[in-house]
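Structure first, commentary second.
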Amino acid sequence: MSEKKLCETIEDDRGVLARRDGAGLPVRAGSVSHVTAEDVALADKVFIDGLEVYANHGVYEEENKLGQKFVVSATLYCDTRRAGQTDDLDASIDYGTVCHDIDGFLREHTFKLVERMAEALAAYLIDRYPLLMGVRLKIEKPWAPVGLPLRSVGVEIERLR
């Protein structure tokens, strides 16, 4: 039997790519590396609390036509040590850019369920930010059409690279 060898690293404008063995299909390096719960427990955190986004999501047709407010909180698991030592924004995750990316993503896409919205947003952020080890997202829907007074409904998920 021949020994399998790792493919060479390929880089493009989006970051490092790896080649999936056999199929010859390029995949992002972040999608094949794995982060453990222990890694995240020890990771630094950049957080965004209460970002308000007006977007068109929901099960009911009116929600998709009229839109409504969503409140997004995110914990971005990463290593901020180099940024802290060098004072270089490129060594960290720019929370301002992340806020605009979240806003743009939620405005450009439409989902029926807030659960699907959270999954898609987590995958988008992990793919977009190579320094991101994982993300915890809390998405609230304060104007949910439930017919009873409430402060908010929503979901909270954590996804790792």
Side-chain angles (χ1 to χ4, degrees), residues 9-20 23 25-60 63-64 66-84 89-146 150-161:
T9 300
I10 301 168
E11 293 186 9
D12 74 354
D13 62 331
R14 296 169 298 162
V16 177
L17 297 175
R19 189 162 301 280
R20 189 177 296 166
L25 300 173
V27 295
R28 296 185 69 40
S31 66
V32 293
S33 65
H34 297 284
V35 174
T36 67
E38 288 178 10
D39 294 332
V40 168
L42 297 172
D44 300 325
K45 298 162 185 70
V46 173
F47 67 90
I48 298 164
D49 188 24
L51 174 67
E52 294 185 10
V53 176
Y54 195 87
N56 302 67
H57 305 283
V59 173
Y60 300 110
E63 293 177 290
N64 292 303
L66 301 174
Q68 62 191 298
K69 179 170 74 171
F70 293 88
V71 180
V72 180
S73 295
T75 302
L76 311 170
Y77 300 108
C78 57
D79 183 355
T80 64
R81 185 179 314 257
R82 192 165 73 83
L89 182 57
D90 290 334
S92 188
I93 296 176
D94 181 349
Y95 53 78
T97 301
V98 174
C99 287
H100 286 277
D101 285 345
I102 290 170
D103 182 72
F105 182 85
L106 294 181
R107 289 174 185 265
E108 291 169 14
H109 298 85
T110 300
F111 303 102
K112 291 180 185 176
L113 302 179
V114 70
E115 294 88 343
R116 176 68 180 116
M117 181 192 319
E119 284 291 337
L121 180 57
Y124 169 76
L125 292 173
I126 287 171
D127 184 55
R128 184 157 175 82
Y129 293 92
L131 296 178
L132 195 59
M133 297 169 63
V135 62
R136 175 180 291 274
L137 291 174
K138 180 178 180 183
I139 301 180
E140 298 177 83
K141 188 174 176 178
W143 301 343
V146 297
L150 57 78
R151 184 175 22 244
S152 189
V153 300
V155 300
E156 186 169 353
I157 66 169
E158 183 175 275
R159 298 296 178 260
L160 307 179
R161 180 173 299 282

Out of curiosity, Leu76 CG to Ile48 CD1, how far, rounded to the nearest 0.5 Å? 5.0 Å

Can you tell me how far the CD atom of Glu119 sits from the CG atom of Leu137, to the nearest 0.5 Å? 9.5 Å

Between Gly58 and Asn64, which heavy-atom pair has the shortest distance, and what is it? O-ND2, 3.0 Å

Check whether Asp39 reaches the backbone of Thr36 with its side chain - one donor and one acceptor, N or O, closer than 3.5 Å. yes

Flag side-chain contact, heavy atom, 4.5 Å: Leu125 against Phe105: no

For Cys99 and Leu51, the nearest pair of non-hydrogen atoms, with its separation, is O-CD2, 3.7 Å

Nearest heavy-atom approach of Met133 to Ala43 is SD-CB, 3.8 Å

For the residue pair Asp79 and Leu131, establish whether any side-chain heavy-atom pair is separated by less than 4.5 Å. no

Please say whether more than 12 non-hydrogen atoms of neighbouring residues, nucleotides or ligands are located less than 6.0 Å from CZ in Arg81. no

Are the side chains of Val40 and Val35 in touch, meaning some heavy atoms are under 4.5 Å apart? yes

Hey, what do you get for CD1 (Ile102) to OH (Tyr124), rounding to the nearest 0.5 Å? 9.0 Å

Do the side chains of Glu158 and Tyr77 get nearer than 4.5 Å, heavy atoms only? yes

Nearest atoms (heavy-atom pairs only) where Ser92 meets Thr80: OG-CG2, 4.1 Å

Atom of Val71, atom of Gly50 and distance for their closest heavy-atom approach: CG1-CA, 3.5 Å

Taking the side chain as every heavy atom from C-beta outward, state whether Phe47 and Arg136 have any pair of such atoms under 4.5 Å apart. no

Measuring from atom CG of Asp127 to atom CZ of Arg161, what distance do you get when rounded to the nearest 0.5 angstrom? 7.5 Å

With the side chain counted from C-beta on, respond yes when Met117 and His109 share a heavy-atom pair under 4.5 Å apart, and no when they do not. no

Rounding to 0.5 Å, atoms CG (Leu150) and NZ (Lys141) come to a distance of 11.0 Å

Could you tell me whether Lys112 and Glu63 make a salt bridge, using a distance below 4.0 angstrom between a side-chain N and a carboxylate O? no

Any side-chain heavy-atom pair from Asp101 and Tyr129 closer than 4.5 angstrom? yes

Measure the spacing between CG of Asp49 and NZ of Lys138 and express it to the nearest 0.5 Å. 8.0 Å

Please state whether the rings of Phe70 and His57 are parallel, tilted or perpendicular, taking 30° and 60° as the class boundaries. perpendicular

I'd like to check Leu160 versus His34 (side-chain heavy atoms, cut-off strictly below 4.5 Å). Are they in contact? no

Would you say OH of Tyr54 has more than 12 non-hydrogen atoms from neighbouring residues, nucleotides or ligands within 6.0 angstrom? yes

Closest approach of Val135 to Ala122 (non-hydrogen atoms, all atoms of both residues): CG1-CB, 3.9 Å

